[in-house]
*Asks:* 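Got a structure here, written out as structure tokens. Questions coming.
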Amino acid sequence: MPELPEVETTLRGIATHVLNTPITRITIRNPRLRWPVPNELASRLIHQKITQITRRAKYLLLATKKGTLIIHLGMSGSLRIVTPDTPYDKHDHVEFCFANGNALRLKDPRRFGAVLWTSEPIDKHPLLDALGPEPLSDEFNSETLFRLSRNKTVAIKQFIMNSKVVVGIGNIYANEALFASGIHPGRAAGKISKKRYKRLCIECKRILEQAISQGGTTLKDFVGGTGKPGYFKQELLVYGRKGMPCGQCQKPLKEIRLGNRSTVYCTHCQK
DNA sequence: CAGCGCCCCTGCCCGC
DNA sequence: TGCGGGCAGGGGCGCT
């Protein structure tokens, strides 16, 4: 579910509710996420305060004086603020209770998400240390993209979904950004001009920013930190629209598979 | 080392 | 109404 805009929406939704208030209780109802939720989480975190929440790629980083809690939402995860007396859902796996009366709950039906702890400097963590630039930063630009892509035969869609190239662009927004840029998703990354990369960068940033401003995309069950769905789904022009008319030329949108991910595009408008 | 499948898991939708 | 198959927003890992 969550791509960068959904993770960013989650961060903004939970931050004020959990910052600078002592953690009073941690409940691991089911530790079997992508990796086992570390048992020592409770002893490490109890009585600590979260001093800062940031995002790197699709990882949420909740910093304390002693180390950092790393949370990833996987495909189906969501984090929300509730009161501790809210009945548990079947898929509420981890809960953090705070002295200010709030509880932060991770719900993740598919359990592809992760809750990890590190006391090392966060950018050295093996999950984070090889990541490419943030798409909304100046380090993500057409010069870098152009240079990195030379001699690469990989499809452009897979290229921009590669976290070593740029982070945070998942299947929905890759489809959307390529449509907005008029680029065929299967085109070899190495055969795209600098000018077209410039357009692609602009569209990636625009779409991600617009999605964030609308609270992300809710396809099925995503909710932001305060429990509200995202409203960007209505803005999607190709994702999930196989067979429907292209908004620009009315030809039916085509679906193919690239890197085993559903890929929707317009055969007329994207070359 | 690039480029692939595979796999982790539950839920939902579709066709029979 | 039940059941099997396929697919879903991610991404690490192992194999060729």
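Each chain gets a letter, A, B and so on, in the order the sequences are listed, and its residues count up from 1.
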*Asks:* What's the closest nucleotide to the Lys90(A) side chain, out of dG11(B), dG10(C), dG9(C)?
*Replies:*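 Minimum distance to the Lys90(A) side chain belongs to dG11(B).
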
*Asks:* Which nucleotide sits closest to the side chain of Tyr59(A): dG12(C), dG11(C), dC7(C)?
*Replies:*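 Nearest listed nucleotide: dG12(C).
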
*Asks:* Using a strict cut-off of less than 4.0 Å between a Lys/Arg side-chain nitrogen and an Asp/Glu carboxylate oxygen, indicate whether Glu209(A) and Lys205(A) qualify as a salt bridge.
*Replies:* no

*Asks:* Measure the distance from CG on Asp129(A) to P on dG12(C) and round it to the nearest whole Å.
*Replies:* 11 Å

*Asks:* dG3(B), dG11(B), dG12(C): which one has an atom nearest the side-chain heavy atoms of Val154(A)?
*Replies:* dG3(B)

*Asks:* Once the angle between the rings of Tyr197(A) and Phe146(A) is folded into 0 to 90°, is it parallel (under 30°), tilted (30 to 60°) or perpendicular (over 60°)?
*Replies:*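 The arrangement is perpendicular - the two ring planes meet at more than 60°.
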
*Asks:* Could you check which of dA8(C), dT10(B), dG12(C) has an atom nearest any side-chain atom of Ser262(A)?
*Replies:*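 The answer is dA8(C).
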
*Asks:* Starting from P on dC9(B), measure out to NE2 on His93(A) and report it in whole angstrom.
*Replies:*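 Atom-to-atom, His93(A) to dC9(B), this comes out as 12 Å.
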
*Asks:* With P as the reference atom in both, quote the distance from dC6(B) to dG6(C) in angstrom, rounded to an integer.
*Replies:*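 Rounded to whole Å, the distance is 13 Å.
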
*Asks:* With a 4.0 Å limit, can you tell me whether Lys58(A) has a side-chain N or O closer than that to the phosphate oxygens OP1/OP2 of dG11(C)?
*Replies:*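 Yes, within the criterion.
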
*Asks:* Examine the side chains of Lys157(A) and Thr263(A) and answer whether a donor and an acceptor come within less than 3.5 Å of each other.
*Replies:*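 Distance-only check passes for Lys157(A) and Thr263(A).
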
*Asks:* For nucleotides dG11(C) and dC1(B), find the distance between their P atoms and express it as a whole number of Å.
*Replies:*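 These two P atoms come out 22 Å apart once rounded.
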
*Asks:* So what's dC9(B) paired with, Watson-Crick or G-U wobble, going by both distances under 3.5 Å?
*Replies:* none

*Asks:* Expressed as a whole number of angstroms, how long is the span from Arg257(A):CZ to dG6(C):C1'?
*Replies:* 9 Å

*Asks:* Please check if the number of heavy atoms outside Asp123(A) that lie under 6.0 Å from its CG is greater than 12.
*Replies:* yes

*Asks:* To the nearest Å, how far apart are Leu131(A) CG and dG11(C) C1'?
*Replies:* 11 Å

*Asks:* What nucleotide among dA8(C), dG9(C), dC9(B) has an atom nearest to a side-chain atom of Asn171(A)?
*Replies:* dG9(C)

*Asks:* Give me the distance, rounded to whole Å, that separates dG5(B) from dC7(C) when you measure between the P atoms they each carry.
*Replies:* 14 Å

*Asks:* Look at Glu143(A) together with Arg147(A) and state whether they make a salt bridge at an N to O cut-off of under 4.0 Å.
*Replies:*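 No, this pair does not count.
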
*Asks:* Hey, does the side chain of Arg111(A) come within less than 4.0 Å of dT10(B)'s phosphate (OP1/OP2), counting only N and O?
*Replies:* yes

*Asks:* Which listed nucleotide (dA8(C), dG11(B), dG11(C)) is nearest to the side chain of Met75(A)?
*Replies:* dA8(C)

*Asks:* Examine dG11(B): is either OP1 or OP2 under 4.0 Å from a nitrogen or oxygen in the side chain of His91(A)? Give yes or no.
*Replies:*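 For dG11(B), OP1 or OP2 has a side-chain N or O of His91(A) closer than 4.0 Å.
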
*Asks:* Should Leu104(A) and Ile81(A) count as side-chain neighbours, where that means a heavy-atom distance under 4.5 Å?
*Replies:*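 Yes; the side chains approach each other to less than 4.5 Å.
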
*Asks:* Can you tell me the distance, in whole Å, between the CG atom of Leu148(A) and the C1' atom of dA2(B)?
*Replies:*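 Going from Leu148(A) (CG) to dA2(B) (C1'), I get 14 Å.
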
*Asks:* If stacking means aromatic ring centre less than 5.5 angstrom from the base's six-membered ring centre, planes under 30°, is Phe112(A) stacked on dC9(B)?
*Replies:* no

*Asks:* Answer yes or no: does a side-chain N or O of Tyr173(A) lie under 4.0 Å from OP1 or OP2 of dG9(C)?
*Replies:*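 So the side chain of Tyr173(A) is outside the cut-off, no N or O lying under 4.0 Å from OP1 or OP2 of dG9(C).
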
*Asks:* Which listed nucleotide (dC7(C), dG12(C), dC4(B)) is nearest to the side chain of Leu127(A)?
*Replies:* dG12(C)

*Asks:* If the cut-off is 4.0 Å, is Arg110(A) near the phosphate of dG9(C), judged by side-chain N/O to OP1 or OP2?
*Replies:*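 For Arg110(A), the contact criterion (side-chain N or O under 4.0 Å from OP1 or OP2 of dG9(C)) is not met.
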
*Asks:* Is Arg105(A) salt-bridged to Asp92(A), cutoff N-O under 4.0 Å?
*Replies:* yes

*Asks:* Can you tell me how far C1' of dC1(B) sits from CG of Asn162(A), to the nearest Å?
*Replies:*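 Distance check: Asn162(A) CG to dC1(B) C1' gives 13 Å.
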
*Asks:* Look at all strands and tell whether Thr153(A) reaches a base, only sugar-phosphate, or nothing, counting heavy atoms closer than 4.0 Å.
*Replies:*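 Result for Thr153(A) = sugar-phosphate.
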
*Asks:* Determine: side-chain N/O of Arg32(A) to OP1/OP2 of dC8(B), distance under 4.0 Å, yes or no.
*Replies:* no

*Asks:* My understanding is that a pair needs two contacts under 3.5 Å, Watson-Crick or G-U wobble. By that rule, which nucleotide pairs with dG15(B)?
*Replies:*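 In the structure as shown, dG15(B) has dC3(C) as its Watson-Crick or wobble partner.
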
*Asks:* Give the rounded distance in Å between these two atoms: CD of Gln158(A) and P of dG10(C).
*Replies:*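 Interatomic distance, CD of Gln158(A) to P of dG10(C): 14 Å.
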
